[in-house]
Amino acid sequence: MIKLSTLLIAATVVSGSMVFSAPAKADNQLAVSVCEYIAADDKNRLRSKLKSSRVKIRNLYDAVLCNGNNLLRHAIASNAADAGEYVVKNLSKSALSDGADIAWAEANGHGGSALIAVIKDRAGL
């Protein structure tokens with residue numbers, strides 16, 4: 001009887017770990033896809049991927065880093081005007097109002113990016 005219960009517990013732990021490993025792979029793939037679409041300045045595929053995954057930019061903004069940068073900074077560094085504008089328009093004004101992304105862009109040689117004006121307009125800066 002002890003062997004049967006030990007086997008049952010082990011089977012439960014193994015099957016439970018398999019069930020919970022799949023969403024982590026899906027989330028990782030979503031993050032990679034979002035970063036790739038932003039870098040390629042492909043707003044339509046970005047929007048489609050988010051819609052099919054039922055995720056909003058606001059929910060991903062703080063959680064996903066692309067090459068060590070948040071989504072907006074990644075768009076600025078990649079010179080992705082269309083995808084970056086899509087990100088800006090889908091973020092809350094309060095997320096942009098501190099001006100940290102603008103300061104980062106100017107400090108890192110991206111002061112001439114078209115996204116700076118879009119950020120300032122959206123945030124009211």
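The first residue in the sequence is number 1, and the count goes up from there.
- With contacts defined as side-chain heavy-atom distances shorter than 4.5 Å, the pair L72/L96 qualifies.
- Note on residues 30-41: pairs passing side-chain hydrogen bond (donor to acceptor under 3.5 Å, both in side chains), not counting sequence neighbours, are Q29-S33, Y37-R45.
- Side-chain atoms of S113 never come within 3.5 Å of backbone atoms of H110 as a donor-acceptor pair (strictly under, hydrogens ignored).
- Using a 4.5 Å heavy-atom threshold, the side chains of K56 and Y61 count as separate.
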Could you walk me through whether D82 and N44 satisfy the side chain to side chain contact (heavy atoms under 4.5 Å, CB included) test, starting with their C-alpha distance in whole Å, then the side-chain angles of each, then the deciding distance to 0.1 Å, before giving a yes or no? CA-CA 9 Å; D82 290 338; N44 292 331; over 6 Å; no

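- Between the side chain of R73 and the backbone N or O of A105, no donor-acceptor pair lies under 3.5 Å.
- To the nearest 0.5 Å, the span separating CZ on R47 from NZ on K51 amounts to 9.0 Å.
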Residue pair L71, L60: steps toward the side chain to side chain contact (heavy atoms under 4.5 Å, CB included) verdict: CA-CA 8 Å; L71 299 178; L60 288 180; 4.2 Å; yes

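- Proximity of N79 to L115: side-chain heavy atoms (C-beta onward) are nowhere separated by under 4.5 Å.
- Taking SG from C66 and CD1 from I38, the interatomic distance works out to 5.5 Å, rounded to the nearest 0.5 Å.
- Residues W104 and I76 meet the side-chain proximity criterion, which asks for heavy atoms closer than 4.5 Å.
- A 4.5 Å side-chain heavy-atom check between Y86 and L50 finds at least one atom pair inside the cut-off.
- Note: S53 OG to L30 CG = 4.5 Å, rounded to the nearest 0.5 Å.
- Listed here is the closest heavy atom pair of A75 and G84: CB-CA, 3.6 Å.
- At least one side-chain heavy atom of H74 sits less than 4.5 Å from a side-chain heavy atom of N67.
- Looking at N59, its side chain never comes within 3.5 Å of a backbone N or O of V55 through a donor-acceptor pair.
- Using a 4.5 Å heavy-atom threshold, the side chains of S48 and L46 count as separate.
- How far CD1 of I119 is from OG of S97: 12.0 Å, rounded to the nearest 0.5 Å.
- Judged purely by atom type and a 3.5 angstrom limit, R122 uses its side chain to pair as donor or acceptor with the backbone of L91.
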